[in-house]
Amino acid sequence: MKTVISASLYERCLKHFANVSRHKFVVASSLPIPYFGDVDAYFGSNLRVVTAALNPSDIEFSNNVSRFDVETGLSGAKGLEIALKNYFKINPYKSWFRSFEPVLNGMGATYGSKMISDKTNNNNNNKKISTSLHLDMCSPVATTPTWSHLSDSEKNKLVPDGRAIFEELIVELKPHIVISSVGWAHIQHWNSKFSSGRDWPLICEYTTSKTGAPLKNSLKVQYKSITIRNSREFLFINATAANTPFGRFSTERKNEVGSKILEYFSLL
């Protein structure tokens with residue numbers, strides 16, 4: 001049966017995972033996660049938005065939860081696609097993905113109905129809802145410890161294939177917008193435009209807290225139109241990093257950021 005994403009990309013993921021799964025820092029009883037989400041609904045969306053982080057969390061495969069059908073996912077290209085596309089329909093890691101969700105809601109987008117928070121102030125109810133995916137830029141492999149605590153030698157075992165898989169996905173998914181909230185140090189060497197990321201133009205900036213108190217370090221949302229490999233040009237957004245995406249932004253501000261991103265994209 002034909003897959004939505006090319007079978008060769010899934011096979012590359014599975015081969016890469018087989019090659020690195022022997023390392024102790026790779027989460028046991030896991031599978032490669034090139035993306036999270038309903039890829040069919042994504043391609044049916046008017047606005048194609050993906051979010052991006054560094055690599056999957058080990059919490060995706062903790063002993064007391066079931067988020068993926070690992071056996072099906074490791075069975076081949078079609079099995080991996082089934083396991084990935086059902087993620088937000090079964091048991092998503094809500095406390096992490098809800099860090100991104102209000103930004104998506106501000107754009108009239110969502111990972112899926114299970115992710116929409118009652119606390120989200122969504123002013124885009126009149127827009128057709130688009131389905132978003134999540135990708136990881138450094139590796140599709142979950143690790144323990146987390147990415148920032150891996151040694152350089154451990155990261156180097158994952159990054160070459162991980163980066164190539166991410167870039168191939170961008171080419172296939174053809175996103176209009178990629179949204180991240182990561183430290184520039186993790187990605188500044190990937191693309192000539194990324195090297196100047198700290199100086200990118202601003203979508204918006206918050207210099208005070210919700211209560212109006214001055215912030216020691218402002219909250220920035222920066223942008224650039226870029227291409228990766230032979231991809232179509234897309235808008236890359238990066239926001240001030242924290243332990244979770246947009247972790248220093250209130251829900252209301254996240255929703256506002258999404259609206260501002262959409263407004264800017266509409267002007268392009």
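As the structure is a computational prediction, the values presented were derived from the model and not from experiment.
Put simply, V39 and V171 are part of two different groups of oily side chains (I, L, V, M, F, W, Y) that touch within less than 4.5 Å, one to the next. When the side chains of ILVMFWY residues are joined at heavy-atom separations under 4.5 Å, either directly or via intervening members, V4 and L133 end up in a single hydrophobic cluster. Hydrophobic clustering (side-chain heavy atoms under 4.5 Å, transitive across Ile, Leu, Val, Met, Phe, Trp, Tyr) keeps L202 apart from V182. Both L215 and V221 are members of a single hydrophobic cluster when ILVMFWY side chains are connected at heavy-atom separations under 4.5 Å. Hydrophobic clustering (ILVMFWY, side-chain heavy atoms < 4.5 Å, transitive): L31 and Y93 are in one cluster.
Shown here are the side chain to side chain donor-acceptor pair (under 3.5 Å) partners of K89, two or more places apart in sequence or in another chain: D38. With sequence neighbours excluded, the residues forming a ring pair (Phe, Tyr, Trp, His ring centres under 6.0 Å) with F97 are F36, Y87, F88, Y111, H134, listed by chain and number. Partners of R198 by salt bridge (Lys or Arg N to Asp or Glu O under 4.0 Å), not counting sequence neighbours: none found. Considering only residues two or more places apart in sequence or on other chains, S192 meets the side-chain contact (heavy atoms from CB on, under 4.5 Å) condition with none of them. Partners of L14 by side-chain contact (heavy atoms from CB on, under 4.5 Å), not counting sequence neighbours, listed by chain and number: P32, L74, L80. Among residues two or more places apart in sequence or in another chain, the salt bridge (Lys or Arg N to Asp or Glu O under 4.0 Å) test is passed with K157 by none. Every residue two or more places apart in sequence or in another chain that forms a side-chain contact (heavy atoms from CB on, under 4.5 Å) with K78 is listed here: M1, T3, E81, I82. Under the side-chain contact (heavy atoms from CB on, under 4.5 Å) criterion, A241 pairs with no residue, sequence neighbours left out. Applying the salt bridge (Lys or Arg N to Asp or Glu O under 4.0 Å) test to E167 and every residue at least two apart in sequence or in another chain returns R163, R229.
Residue pairs meeting the side chain to side chain donor-acceptor pair (under 3.5 Å) criterion with at least one partner in residues 13-33, sequence neighbours excluded, are H16-D161. Counting only residues at least two apart or in different chains, side chain to side chain donor-acceptor pair (under 3.5 Å) contacts with residues 235-249 comprise S180-N238.
Using modelled atom types, no side-chain atom of S196 and backbone atom of D199 make a donor-acceptor pair closer than 3.5 Å. T143 places no side-chain N or O within donor-acceptor distance of the main-chain N or O of F25, the cut-off being under 3.5 Å. In terms of modelled atom types and a separation under 3.5 Å, the side chain of K254 and the main chain of E101 share no donor-acceptor contact. Under a 3.5 Å cut-off, the side chain of S45 and the backbone N or O of S130 do not form any donor-acceptor pair. The backbone N or O of I237 sits nowhere less than 3.5 Å from a side-chain atom of W200 that would complete a donor-acceptor pair. Of the possible donor and acceptor atoms, none in the side chain of R48 sits under 3.5 Å from a partner among the backbone N and O of H176. No side-chain donor-acceptor contact under 3.5 Å links N255 to the backbone of T251. A donor-acceptor contact shorter than 3.5 Å links the side chain of E172 to the backbone of S6.
Looking only at side-chain heavy atoms (C-beta outward), T146 and S57 stay at 4.5 Å or farther from each other. Here the side chains of D69 and I90 are not in contact, with every heavy-atom distance at 4.5 Å or above. For the pair I59 and W96, the minimum side-chain heavy-atom distance is 4.5 Å or more. Side-chain contact between V70 and F61: present, with at least one pair of heavy atoms (C-beta onward) separated by less than 4.5 Å. Between H186 and M137 there is no side-chain heavy-atom pair separated by less than 4.5 Å. Residues I179 and F246 meet the side-chain proximity criterion, which asks for heavy atoms closer than 4.5 Å.
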Next item on the list: Verify side chain to side chain contact (heavy atoms under 4.5 Å, CB included) between L158 and C138, making sure each step is shown before the conclusion.
Entry: CA-CA 7 Å; L158 301 177; C138 294; over 6 Å; no
Notebook entry, point to check: Taking it one step at a time, do Y10 and L84 satisfy side chain to side chain contact (heavy atoms under 4.5 Å, CB included)?
Noted result: CA-CA 11 Å; Y10 291 127; L84 299 174; 3.9 Å; yes
Note to self: Would F234 and I228 count as a side chain to side chain contact (heavy atoms under 4.5 Å, CB included) here? Give the steps.
What the structure shows: CA-CA 9 Å; F234 59 90; I228 291 179; 3.9 Å; yes
Check: Do K210 and E252 pass the side chain to side chain contact (heavy atoms under 4.5 Å, CB included) test, and can you show the C-alpha distance, the side-chain angles, and the key distance before you say yes or no?
Finding: CA-CA 9 Å; K210 279 179 61 178; E252 292 75 19; 3.8 Å; yes
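For N156, the CG atom is densely surrounded, since the number of other residues' heavy atoms within 6.0 Å is greater than 12.
Rounding to the nearest 0.5 Å gives a distance of 9.5 Å between CD1 of I5 and CG of D40. Between the CG atom of L104 and the CZ atom of R98 there is a distance of 13.0 Å, given to the nearest 0.5 Å. Here OG1 of T144 is found 10.5 Å from NE2 of H149. Values are rounded to the nearest 0.5 Å. Atoms CD1 and CG, on I129 and L47 in that order, are 11.0 Å from each other to the nearest 0.5 Å. Within the model, atoms CG of L169 and CG of L9 stand 5.0 Å from one another, a figure rounded to the nearest 0.5 Å. Atom NZ of residue K174 and atom CZ of residue R232 lie 8.0 Å apart, to the nearest 0.5 angstrom.
In terms of heavy-atom proximity, R253 sits nearest to S209 at NH2-O, 3.3 Å. Pairing each heavy atom of G106 with each of S259, the nearest pair is O-OG, 3.2 Å. When all heavy atoms of I165 and P34 are compared, the pair lying nearest together is CG2-CB, 4.2 Å. The two atoms that bring P56 and S139 nearest to each other are CD-O, 3.2 Å, heavy atoms only. Contact between C204 and K260 at its shortest, heavy atoms only, is CB-CD, 3.7 Å. Here the closest heavy-atom approach between residue S181 and residue F100 is recorded as N-CZ, 4.4 Å.
Counting only N and O atoms by type, the side chains of Y206 and E256 include a donor and acceptor under 3.5 Å apart. Side chains of E233 and S225: no donor on one and acceptor on the other come within 3.5 Å.
Between F236 and W184, the two ring planes are tilted [angle within 30° to 60°].
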Distance-only criterion, 3.5 Å: show the donor-acceptor pairs between side-chain atoms of residues 261-268 and protein atoms not counting sequence neighbours.
residue: S266; atom: OG; partner: L262; partner atom: O; Å: 2.8

